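To start, the structure under review is shown below, and the notes come after it.
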Amino acid sequence: MGKYLLKLYVTGKTPRSERAIANLKAICEEELNNQYELIIIDVLERPQLAEEEKILATPTLIKQLPPPLRRIIGDLSDKEKVLLGLDLLPFELFERKEESSK
Amino acid sequence: MTNTELYVEKLPTGITGFDHISKGGLPKNRTTLLSGTSGSAKTVFAVQFLAEGIRQFEQSGVFVTFEESPQDIKRNFLSLGFDIEKWERAGKWAFVDASPQPVDAPYESGVYDLGALLARIEFAIRKVDAQRISIDSLGAIFNQLSDKSIVRRELYRIASVLKTIRVTALMTAERITEYGNIARFDVEEFVADNVIILRNVLEEEKRRRTIEILKFRGTDHQKGEFPFTIISNDGIVIIPLSAIELKQRSSDVRVSSGNEELDKMCGGGFFRDSIILVSGATGTGKTLMVTEFIASANKNERCLLFAFEESREQLFRNAKGWGIDFERLEQEERIKVICEYPEVKGLEDHLITIKETINAFKPTRVAIDSLSALERVSTQKGFREFVIGITSFIKHQEMVGLFTSTTPSLMGGTSVTETHISTLTDSIILLRYVEVYGEMKRCLTVLKMRGSMHDKDIREFKIDSRGMHIGKPFRNITGILSGKPAILQPYELERLDKLFSNEQ
């Protein structure tokens with residue numbers, strides 16, 4: 001598994017930003033085995049970066065590497081959607097789900 | 001609170017005609033909603049609002065696009081004569097690109113806000129020190145994100161932040177029907193202070209663009225729909241009918257009609273600053289009258305002829321037939337002849353070309369042959385607006401205008417054109433055919449001549465190689481103008497004469 005490069009864009013130090021950071025860190029610890037680099041960008045401090053990346057909503061998580069590039073918006077409280085966006089074993093996940101429902 | 005605080009200041013937009021109908025421009029430092037159906041020129045208005053700020057007032061602008069990419073906007077507007085790229089490089093224009101990106105739609109996990117967009121907008125405003133901002137269009141962002149309630153709440157937040165920054169904002173929104181709800185997604189609820197509506201209505205197979213200021217909270221504006229058109233370099237040009245004030249100057253300076261006898265009939269010639277309508281069936285001599293009118297101008301005058309019925313070659317040949325050399329007059333720059341098919345463009349565009357040509361050539365005499373040909377390309381309402389626009393424009397310029405109108409029937413009759421414009425013209429001359437013992441004769445009468453005595457006779461006239469010759473009045477015929485001439489016997493005439501003298 002290649003190393004993950006993740007960028008998380010937030011607006012200031014709001015509860016929502018903190019929640020997104022915490023949710024993301026928990027998922028990464030659990031699923032990525034420390035094989036990741038996380039950059040947190042505050043758009044209030046770096047609006048130029050948000051412009052270049054054309055970020056609309058905050059929080060926005062961008063999976064820069066490995067390709068394909070993907071965006072996930074929201075406070076990342078829906079873990080399944082995050083895993084789907086990170087291309088983390090979505091099919092196994094679905095299979096497991098299906099088995100458990102049987 | 002003092003009066004100055006209550007008073008809503010306005011920011012002149014620089015869009016032709018708009019500052020007039022809005023009585024000064026957009027409410028300054030406030031947000032105005034610009035709503036319209038697809039193809040109603042919302043983006044043009046939004047772009048031009050910024051462009052005129054840069055071109056005329058040295059005010060920078062920020063353009064937030066939710067729909068088209070900045071590349072597309074730059075390309076599309078370059079053909080209208082707006083070099084946005086140049087303004088961008090000069091630091092007068094900044095884009096906030098929120099257009100849909102060609103990557104997959106983002107996954108949505110939990111709640112979010114549009115904090116990044118707001119930060120980018122504020123950043124762009126600071127970067128170019130913007131006084132104007134256009135956001136195009138609100139509906140498009142609803143299509144990019146799935147949670148409509150979040151988008152609505154966040155747009156409200158952006159609108160309220162814009163109120164606190166000192167910028168004048170224009171937000172566009174789409175609507176489904178020309179006469180219905182103000183906008184989709186009920187966006188007017190949060191920028192409801194000021195609403196402008198653009199329309200692009202199909203009427204009798206013709207497109208008619210109009211603009212209406214629905215409301216400006218706390219400040220005055222003109223009411224109703226105003227026609228507008230879009231032309232290269234100028235963009236949107238609004239034709240403000242209400243700009244026409246009834247304080248046209250009137251002078252008692254007379255100019256020659258080009259026919260000595262007609263001058264006598266009019267009490268000494270046409271008035272300058274007046275409009276004369278010549279009405280007649282085909283072949284009665286309208287174009288001849290125009291030709292003589294143009295040719296009779298003295299050396300210090302300049303004449304402009306707009307011909308919508310005949311080609312240049314035909315006109316010049318006909319003039320030559322009456323002994324008038326248009327070619328030489330044009331070389332001497334004493335006249336200018338412009339021939340166009342009415343169908344080449346809409347009436348609004350015709351009006352603008354005519355005004356521009358008049359402004360450039362500065363004529364003392366203007367002739368339009370014929371107004372009724374222009375009526376073909378317009379609706380009745382549009383035509384009436386055109387005539388009001390052109391007559392008032394000419395009267396403000398120390399000119400005399402001669403318009404012709406073709407009546408549909410050979411004998412007698414009036415046309416729709418005339419009922420529309422007769423009250424707007426100062427003088428009306430009727431040219432009519434009259435059937436006398438199996439022969440078609442032509443007759444002429446001055447029906448109306450504002451501010452002057454005139455000959456009330458119906459006079460016969462003939463046309464030969466030297467032009468028009470007005471002869472004696474038809475004394476023994478009645479019913480010419482109604483198209484049913486009846487020949488009176490001499491004793492009948494005598495009896496009628498006595499009848500009136502007895503009464504006196």
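The shown structure was predicted, so the numbers you read here are calculated from the model rather than taken from an experiment. A note on names: the letters A, B, ... follow the listed sequences, proteins ahead of strands, and every chain is numbered from 1.
- Contact count against chain B (heavy-atom pairs under 4.5 Å) is highest for Asp75(A) among Asp75(A), Ile72(A), Val82(A), Asp78(A).
- Pairs passing the side chain to side chain donor-acceptor pair (under 3.5 Å) check and including a residue from residues 77-86 of chain B, sequence neighbours excluded, do not occur.
- The interface of residues 107-121 of chain B with chain A, defined by heavy-atom distances below 4.5 Å, comprises Tyr107(B), Glu108(B), Ser109(B), Gly110(B), Val111(B), Tyr112(B), Asp113(B), Leu114(B), Gly115(B), Ala116(B), Leu117(B), Ala119(B), Arg120(B).
- Looking at Thr11(A), the atoms closer than 4.5 Å to chain B (heavy atoms on both sides) all sit in the side chain, from C-beta outward.
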Distance-only check: which donor-acceptor pairs under 3.5 Å involve side-chain atoms of residues 133-144 of chain B, not counting sequence neighbours?
unit_1    : atom_1 : unit_2    : atom_2 : d
Ser134(B) : OG     : Ala46(B)  : O      : 2.8
Asp136(B) : OD1    : Thr172(B) : OG1    : 2.6
Asp136(B) : OD2    : Thr43(B)  : OG1    : 2.9
Ser137(B) : OG     : Glu67(B)  : OE1    : 3.2
Ser137(B) : OG     : Glu174(B) : OE2    : 2.5
Gln144(B) : NE2    : Phe66(B)  : O      : 3.3
Gln144(B) : NE2    : Ala98(B)  : O      : 2.8

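- Atom NZ of Lys92(B) has 12 or fewer heavy atoms from other residues, nucleotides or ligands within 6.0 Å.
- Along residues 36-55 of chain A, the residues that come nearer than 4.5 angstrom to chain B, judged on non-hydrogen atoms, are Val43(A), Leu44(A), Pro47(A), Gln48(A), Ala50(A), Glu51(A), Lys54(A), Ile55(A) in order of number.
- For Ile150(B), no part lies under 4.5 angstrom from a heavy atom of chain A.
- For Arg153(B), the CZ atom counts as densely surrounded, since its 6.0 Å shell holds more than 12 non-hydrogen atoms of other residues, nucleotides or ligands.
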